[in-house]
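Indexing begins at 1, ligand by ligand and atom by atom, following the structure's order.
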Amino acid sequence: MLTSARLRRGLSLSRLLRLLSTTSTPTPTPTPPESKPTPPPPTKTTTRAHLRRVTDPDRALSLLSSLSSSVSSYKFSVGYVARCFSLSSRFDDAAKLLDSRIPHSTAESDFAFLLASYGRASIPDRGLSAFKARIADGSLTVSVLSFNALLSAFLRSGQFQQVPHLFTNLSEEYHISPNDVSYSILIKSLCLSRKVEDALVMLKLMREEKGINPTIAIYGIILNSLYKINKFEEAELLWNEMVERTGCKPDDAAYNARICYHATRGETDKVLELIKEMETAGVKPTTITYNFLLICHFKNEHWEDVKKVYEQVFLMKVCKPNAATFRILLEGFSRGRDFERGLEVFRSSLNKNKVPDFATVSMFVEGLVKDGKADRAKAVVEQVRKRFPVYLTDKWKKVEKDLGFSLDANETASDGIGGGSQ
Ligand SMILES: *[C@@H]1O[C@H](CO)[C@@H](O)[C@H](O)[C@H]1NC(C)=O
Ligand SMILES: *[C@@H]1O[C@H](CO)[C@@H](O)[C@H](O)[C@H]1NC(C)=O
């Protein structure tokens, strides 16, 4: 069993990791703050950074136990490890880890953060129990802050159907006055439940009865839903109401909702016109805006325009690509059979730790093989197998089998992607 004292002695990181990976049962209780750390390696920063790349929950937990719980980022690491457990369907372990942090969350902001972590770990009901228990034992006076964190835990974990009921029940039961944030969570949940009409009722209620001014974010959420379900007329009416009656200045999210509507219809002119309008209004187009522009070009199979956006926006660093950008680009370049560009995109998604989803990457790999680039395809699969959580390994094996190669037979040299190993 590895003791924390041994951890603190100057072991090299790789040796430490080897030791940790053979540790039988890691202790869920984190190490108390150390008095004076002796020789540096491994530093807290490297451990923390390393933790973020580990997906095996036991290893992540071992790394967590070597971090000091006194640093402010510790709570993020706890949340991350809990999520690792949940992704491996070990929900009880996730709950145990988060529950163990409750007594340490004496400030409400820390408790609220913890509640949000229950959501990220897909166990918001355990967060609800913690919330009620803390009120019952009087160990913390909870306010709308915790209430909002709890509601957003349900929202974020996909259990948004529960939000409207909890909103009413908890606010009444515990005499909490919902604020604009609470309403935005409620309205978002209603929209996700395809109850846009109810969301519009709530918008009216908060504005007219509760006297809370809807924020642009709330309008953005409803607009987004209306455009998504093709209620174009209603959306435009709400847009005008927002601008004229409330003086809310449309932000990037509101514009993006509108742009999305036209992009998915391939209406390039309208999309470009709206981007121009945005810029004129002093709202900077975002990554999401350009993602929609890319979607619009793909819709029309305008591969050259895709390349232009890729080069002029993302390569020129006008906007940073996000996970969706990488997915859209990789899919687009695969369909357009531009595999050199595809590899470039894949490589930078690896560097940014934003490798697209399984379906997209396997489509790309298939394209590479069909294009006679089996060596590149192998290198790509090798890289994704390293990165994707364990549960996907079988899927990858099937892809390899379908494409007629296996990485298990021969261990390829590490990063063959750049060099092209043939
Ligand atoms: C909230 O729900 C609980 C459990 O379902 C119930 O016992 C309680 O009476 C409800 N409170 C209100 C104010 O509706
Ligand atoms: C595996 O490597 C051996 C030599 O090390 C080679 O003969 C064989 O063809 C390789 N198999 C595959 C599937 O690449």
*asked:* Measuring centre to centre across the rings, with the benzene-like ring taken for any Trp, is F111 within less than 6.0 Å of F131?
replied: no
min-distance protein heavy atom vs atom 13 (C) of ligand 1 -> E173 OE1, 3.5 Å
Closest non-hydrogen contact found for K284 with M278 is O-CE, 3.9 Å
Return yes when at least one protein heavy atom is under 4.0 Å from atom 2 (O) of ligand 1, and no when none is. yes
Under 4.0 Å from one or more heavy atoms of E172, ligand 1 contributes atoms 13 (C)
Check against side-chain hydrogen bond (donor to acceptor under 3.5 Å, both in side chains), N179 and N148: CA-CA 9 Å; N179 61 12; N148 290 345; 3.1 Å; yes
ring-ring contact (aromatic ring centres under 6.0 Å, His included) with H262: of Y227, F292, F232, only one passes, and it is F232
The protein heavy atom nearest to atom 4 (C) of ligand 1 is N169 ND2, 4.5 Å
